[in-house]
Amino acid sequence: MTRYLVTSALPYANGPIHFGHVIGAYLPADVYVRTLRMQGEEALYVCGADEHGVAITIGAERDGIAYPEYVARWRTEIKRTFDRLGLEFDVWSGTSISPFHAELSQDFFRRIDRNGFLVQRETEQLYCTTDRMFLADRYVTGTCPSCGFESARGDECPRCAKWLNPLDFADPRCKVCGTTPERRRTTHWYLDLPKVRDEFLGSWIANHEWKPNVGAFIANQMKEIEPRPITRDMSWGVPLPADTAGDITGKVLYVWFDAPIGYVSFTREWAESKGEPEAWKRWWQDSQTRLVHFIGKDNIPFHCVVFPAMLHATKAGYVLPWQVPANEFYNLQGRKFSTSGGWTIPLDEFFAKFDAQATRFYLLASAPETKDSEFNWKDFQACNNAQLADAIGNLVTRVLKFVDKHYAGHIPACAPEHEAELDRVLLTECGAFGDPAESIRAFRFRRAAEQLIENARVANVFVDRSAPWSLQKTDPARAASVLATCAEWIGYVARWMAPFMPEKAQAIWAMLGQSGSVTARGWPAPPVAGQWRLGLAGSKLGAVAGLFPKIDDATVAAEIAALEERAKQVAAG
RNA sequence: GGCGGUGUAGCUCAGUGGUUAGAGCAGUGGCUUCAUAAGCCACGUGUCGGGGGUUCAAGUCCCUCCACCGCUACCA
């Protein structure tokens with residue numbers, strides 16, 4: 001049977017994550033997995049921190065703490081944010097602590113080497129003797145040989161936009177410490193991407209169905225693909241396999257090589273924790289697996305080209321990505337999120353004031369699926385107030401409080417003589433409703449959010465048309481049937497909501513007097529007249545209370561002012 | 001420079017070459033009172049960024065120009 005192996009881009013353990021990361025790669029994956037499971041599919045959701053690389057060593061040294069301590073801090077901090085948002089991974093680990101990671105990364109390297117997809121090259125690079133490391137282009141600054149701009153970056157001149165090679169600087173300086181680096185020769189292993197392309201990857205990519213914003217982009221990249229270095233001169237990382245390295249020391253696998261292998265090693269870690277050490281193979285080396293990578297657009301070349309090339313080059317039977325639902329970028333109030341620039345939302349403060357479940361819904365409803373989008377405070381308020389509080393929250397309270405008052409807190413039964421007619425009115429005359437799962441499976445989360453609201457509105461129309469408060473006086477039996485029908489529909493709404501807002505869905509389920517988990521009831525089949533009711537009649541309601549507190553204008557104005565103030569203070573230094 | 005994306009109603013956005021281009025929000029008017037002053041109904045002539053072209057037919061395909069954004073692969 002088909003099974004779904006879902007991954008979210010491994011967050012880099014070098015700083016806090018913001019809502020842009022959350023909606024780009026994590027929240028959609030969580031909703032996807034929850035939906036699949038409610039539909040009875042087998043799914044595994046894997047994530048963890050990416051913890052190697054030079055940016056981390058620089059950060060740790062700046063903070064004066066050991067590398068492992070540094071990455072542990074961010075691994076924990078990032079996970080805390082995920083926990084607050086209700087993101088549930090089956091395994092959460094880190095590339096520097098996962099017990100299988102180093103061994104498996106070396107295994108990848110060895111297999112790829114043995115299969116003839118690695119080449120060695122000697123190059124000359126700038127080396128900073130103060131920081132004791134080779135400098136990436138961006139870590140070098142100097143005078144542009146083209147236009148004379150004195151603070152050109154090693155990769156590109158900000159003034160004349162010319163591509164640069166830092167070796168061409170007459171006066172190179174290390175961006176970290178300001179001293180002059182020296183030239184050194186060094187040998188590295190390169191992944192022979194053109195060879196993988198010609199043997200397999202080119203035709204695989206051409207014949208694979210990609211999300212529209214992914215396909216054209218990577219097809220074009222295949223033409224200019226070049227070998228990529230996969231080793232690096234530093235100490236923090238996975239050491240080269242000793243049998244390959246020989247007498248060469250001081251090299252580790254480059255972070256972008258070992259990071260995606262984390263998906264596999266974390267799966268092994270999960271299997272081990274389940275007491276089935278071999279179970280990971282069922283997920284990674286079985287053609288029934290559908291591998292889905294949720295990422296931001298900056299990761300497209302990596303997950304659609306490089307990682308598949310690595311998987312193929314091992315010739316170890318690994319599955320390749322089935323879908324890569326990459327999102328575009330998510331901004332904040334018209335500008336890019338910038339932690340260092342103060343243009344961000346401090347999450348501790350945010351979650352002290354605002355509901356994490358409502359935030360999940362808003363992020364999904366505004367997700368950057370086809371183009372960049374943004375978190376906008378006024379939109380957030382409108383979404384919470386008009387869609388969640390008014391359309392869904394009020395539907396629940398208006399119906400259940402009515403039931404509470406007139407039926408002694410028990411959901412009435414729908415009289416058999418009313419059922420066919422009420423089904424017809426509800427299902428065909430009160431507006432269109434759709435199945436959010438269809439949209440979710442197509443990675444259209446904004447559309448699914450709309451459908452959720454539309455579905456709730458169907459019941460609001462039904463209540464208005466039926467006017468049970470009048471029937472109560474003229475035809476009490478019919479009033480009871482109407483309320484019974486509304487309660488049943490709310491049960492559907494709760495299940496449709498469950499992947500988006502699991503806690504709120506559960507709260508509705510409890511208000512309906514149902515025990516157990518709402519997700520245990522599974523995903524609802526599209527309601528069909530005569531057979532859609534769950535049979536809630538007779539249930540004793542739980543305590544009925546408002547689900548979504550409203551956010552007032554003053555609160556929003558204060559948040560916008562605080563955001564601008566933060567940015568201003570950072571700009572002033 | 002190269003590549004990619006975006007440009008549709010006041011705002012945020014949907015729109016698989018084919019009837020008079022849609023939704024939500026905001027706005028206006030009416031109805032209702034069960035409910036978190038919530039709900040329902042009605043009301044949208046917008047050079048679909050500009051200009052060419054293909055087609056019986058283009059927001060939808062092609063070319064070009066303009067604007068904005070991103071990427072450019074040793075910042076992982």
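Each chain gets a letter, A, B and so on, in the order its sequence line appears, and its residues count up from 1.
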A.B. asks: Look at the side-chain N and O atoms of Y330(A) and state whether any lies under 4.0 Å from the OP1 or OP2 oxygen of rC69(B).
C.D. replies: no

A.B. asks: Tell me the partner of rU47(B), counting only Watson-Crick (N1-N3 plus N6-O4 or O6-N4) or G-U wobble (N1-O2 and O6-N3) with both under 3.5 Å; none if nothing fits.
C.D. replies: none

A.B. asks: Does rC34(B) have a Watson-Crick or wobble partner in any strand here, with both distances under 3.5 angstrom, and which is it?
C.D. replies: none

A.B. asks: Are the aromatic rings of Y492(A) and F433(A) close, with centres under 6.0 Å apart?
C.D. replies: no

A.B. asks: If you only use heavy atoms from C-beta on, which nucleotide in rA76(B), rC34(B), rG24(B) is closest to the side chain of V255(A)?
C.D. replies: rA76(B)

A.B. asks: Now, which nucleotide makes the Watson-Crick or G-U wobble pair with rG2(B), with each of the two distances under 3.5 Å?
C.D. replies: rC71(B)

A.B. asks: rC34(B) base stacked by W469(A)? Criteria: ring centres under 5.5 Å, plane angle under 30°.
C.D. replies: yes

A.B. asks: Return the pairing partner of rG22(B) with a 3.5 Å limit on both distances, Watson-Crick or G-U wobble; otherwise return none.
C.D. replies: rC13(B)

A.B. asks: Which atom names give the shortest non-hydrogen contact between H188(A) and T231(A), and what distance separates them?
C.D. replies: ND1-OG1, 2.7 Å

A.B. asks: Would you say K401(A) places a side-chain N or O within less than 4.0 Å of OP1 or OP2 belonging to rU36(B)?
C.D. replies: yes

A.B. asks: Counting side-chain heavy atoms from CB outward, which of rU12(B), rA38(B), rA35(B) is closest to K550(A)?
C.D. replies: rA38(B)

A.B. asks: Return the nearest nucleotide to the side chain of D464(A); candidates are rC13(B), rA35(B), rC40(B).
C.D. replies: rC40(B)

A.B. asks: Answer with base, sugar-phosphate or nothing: what part of the nucleic acid does V54(A) contact at a heavy-atom distance below 4.0 Å?
C.D. replies: sugar-phosphate

A.B. asks: Mind checking who rG59(B) pairs with, Watson-Crick or G-U wobble, both distances under 3.5 Å?
C.D. replies: none

A.B. asks: Within less than 4.0 Å of OP1 or OP2 of rG70(B), is there a side-chain N or O belonging to K336(A)?
C.D. replies: yes

A.B. asks: Does a sphere of radius 6.0 Å around CD in E124(A) hold more than 12 heavy atoms from other residues, nucleotides or ligands, not counting ones at 6.0 Å or beyond?
C.D. replies: yes

A.B. asks: By the 4.0 Å heavy-atom rule, please label R335(A) as base, sugar-phosphate, or nothing.
C.D. replies: nothing

A.B. asks: Look at the side chain of K371(A) and decide which nucleotide, out of rA35(B), rU6(B), rC40(B), has an atom nearest to it.
C.D. replies: rU6(B)

A.B. asks: Applying a 4.0 Å non-hydrogen cut-off, can you work out what R465(A) is touching in the nucleic acid: base, sugar-phosphate, or nothing?
C.D. replies: nothing

A.B. asks: Would you indicate what L471(A) reaches in the nucleic acid, counting non-hydrogen atoms under 4.0 angstrom: base, sugar-phosphate, or nothing?
C.D. replies: nothing

A.B. asks: For the CD atom on Q120(A), are there more than 12 heavy atoms of other groups (residues, nucleotides or ligands in this structure) within a distance under 6.0 Å?
C.D. replies: yes

A.B. asks: For A13(A) and W74(A), which heavy atoms make the closest approach, and how far apart are they?
C.D. replies: O-CD1, 3.5 Å

A.B. asks: Give the nucleotide from the list rC34(B), rC25(B), rA76(B) with an atom nearest to the side chain of F402(A).
C.D. replies: rC34(B)

A.B. asks: Ignoring the backbone of R444(A), work out which of rG39(B), rG15(B), rA76(B) is nearest its side chain.
C.D. replies: rG15(B)

A.B. asks: Just N and O in the side chain of Y254(A): are any of them under 4.0 Å from OP1 or OP2 of rA76(B)?
C.D. replies: no

A.B. asks: Within the pair S373(A) and rU12(B), is there a side-chain N or O less than 4.0 Å away from OP1 or OP2?
C.D. replies: no

A.B. asks: Which of the following nucleotides, rG24(B), rG39(B), rC74(B), is nearest to the side chain of R398(A)?
C.D. replies: rG39(B)

